[in-house]
> 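Handing you a structure now.
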Amino acid sequence: MWKRDEAVKPPTPPSPAPPPPVAPAASAPTVTAQHTETRAAGARDVVHIGKSVVIKGELNGSEDLTIEGHVEGKIELRDHVLTIGPNGKIRASVFAKAVIVIGEVVGNITSTEKVEIRDNGSVDGDIISPRVAIAEGAHFRGSVDMKRGGAAGAKAAEAAKADVRPAPATTGTAPVANPGPQKVGV
């Protein structure tokens, strides 16, 4: 009996012969192959937002981002690098692994690695980051909180918890954190 599936399939062409093996030349091909692998491993996806683009709202991503246009709202790239190009104008709260400002940012910046404000860059807002670099000629108005990240931050938090003193046994209260200087008999 006739089978519909077999009738629809085109005939398979004969497979081409494999290419003849090439004799290895000098060490040049090996070096080229290693160079290509190194370049591919170090490459990262980068998305560009052009200077004619205007975004209002929330911007999230899992790639490095370069903004040349206008963004208002919130930008969140927790594990990636955000670059505000020379034409970029940002009015947003920014959360990223690293932030490089060449254009203008109005809003707070929170970074887990570093914030860098270059020559003509401008930031009006607070910065929270373990490392901050502000170039000569850059504009910055706000505050900087250089919180430690990772293991160093955990050690600092642990040290703060260790500064708890037990209350005297006669009062029957729970341990109290170090209250600092106290006034007695006013």
Side-chain angles (χ1 to χ4, degrees), residues 34-51 53-166 174-181:
Q34 289 175 350
H35 177 67
T36 304
E37 290 174 12
T38 304
R39 190 170 17 137
R44 293 187 71 157
D45 291 334
V46 179
V47 176
H48 296 276
I49 294 178
K51 59 184 173 182
V53 177
V54 177
I55 297 174
K56 293 183 180 182
E58 191 170 312
L59 182 60
N60 294 317
S62 59
E63 299 166 322
D64 291 350
L65 177 64
T66 299
I67 299 175
E68 291 286 342
H70 298 264
V71 176
E72 292 183 26
K74 179 180 176 184
I75 301 171
E76 192 167 338
L77 303 169
R78 297 276 183 192
D79 298 324
H80 298 280
V81 178
L82 172 65
T83 303
I84 291 89
N87 298 311
K89 296 188 186 319
I90 308 299
R91 290 185 163 278
S93 298
V94 176
F95 303 91
K97 180 171 113 177
V99 179
I100 300 169
V101 180
I102 305 169
E104 296 178 29
V105 175
V106 176
N108 298 336
I109 300 174
T110 303
S111 168
T112 56
E113 210 171 83
K114 71 174 180 172
V115 173
E116 184 178 339
I117 306 172
R118 300 231 176 123
D119 299 14
N120 296 321
S122 172
V123 174
D124 286 327
D126 299 338
I127 296 174
I128 299 173
S129 177
R131 296 185 324 175
V132 176
I134 302 174
E136 187 175 339
H139 168 80
F140 172 69
R141 183 181 335 172
S143 66
V144 175
D145 186 354
M146 296 178 72
K147 290 187 176 183
R148 294 185 180 121
K155 288 180 183 177
E158 202 172 292
K161 288 179 184 177
D163 193 23
V164 176
R165 296 181 190 167
V176 178
N178 183 4

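Along the sequence shown, residues carry numbers from 1.
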> Please list every donor-acceptor pair under 3.5 Å in which a side-chain atom of residues 121-134 meets a protein atom from a residue at least two apart or in another chain.
| from | atom 1 | to | atom 2 | distance (Å) |
| --- | --- | --- | --- | --- |
| D124 | OD1 | H139 | NE2 | 2.8 |
| D126 | OD1 | S143 | N | 3.1 |
| D126 | OD1 | S143 | OG | 3.1 |
| S129 | OG | R131 | N | 3.4 |
| S129 | OG | R131 | O | 3.0 |

> Once salt bridge (Lys or Arg N to Asp or Glu O under 4.0 Å) is applied, do any residues pair with E76, and if so which ones, sequence neighbours excluded?
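If we apply the salt bridge (Lys or Arg N to Asp or Glu O under 4.0 Å) test to E76, skipping adjacent residues, the hits are K74, R78.
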> Can you measure from CD1 (I84) to OG1 (T66) and round to the nearest 0.5 angstrom?
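Answer rounded to 0.5 Å: 9.0 Å.
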> Apply side-chain hydrogen bond (donor to acceptor under 3.5 Å, both in side chains) to N60 and list each qualifying residue two or more places apart in sequence or on a separate chain.
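Testing N60 for side-chain hydrogen bond (donor to acceptor under 3.5 Å, both in side chains), a comparison that skips the adjacent residues, returns E58.
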> Looking only at heavy atoms, which two atoms of K97 and T112 are closest? And how far apart?
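Taking every non-hydrogen atom into account, CA-OG1, 3.3 Å.
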> Over all heavy atoms of both residues, which pair between V115 and S111 is shortest? Give the atoms and the distance, please.
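The answer is CG2-CB, 3.6 Å.
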> What is the distance from atom NE2 of H70 to atom CD1 of I49, rounded to the nearest 0.5 Å?
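So the gap between those two atoms works out to 12.0 Å.
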> For I75 and I67, run side chain to side chain contact (heavy atoms under 4.5 Å, CB included): C-alpha distance rounded to whole Å, both residues' side-chain angles, the deciding distance at 0.1 Å, then the answer.
CA-CA 11 Å; I75 301 171; I67 299 175; 3.9 Å; yes
> Under the criterion side-chain contact (heavy atoms from CB on, under 4.5 Å), which of V99, L59, D64, L82 is the partner of L77?
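Filter result, single survivor: L82.
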> Which value, rounded to the nearest 0.5 Å, describes the distance between E113 atom CD and H80 atom NE2?
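It comes to 12.0 Å.
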> Would R91 and E72 pass as an ion pair if we require N to O under 4.0 Å?
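Looking at R91 and E72, the cut-off is not met.
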> With sequence neighbours excluded, tell me which residues meet salt bridge (Lys or Arg N to Asp or Glu O under 4.0 Å) with K114.
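Partners of K114 under the salt bridge (Lys or Arg N to Asp or Glu O under 4.0 Å) test: E116.
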> Could you pull out all residues at least two apart from N87 that satisfy side-chain contact (heavy atoms from CB on, under 4.5 Å)?
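Expected list: K51, E68.
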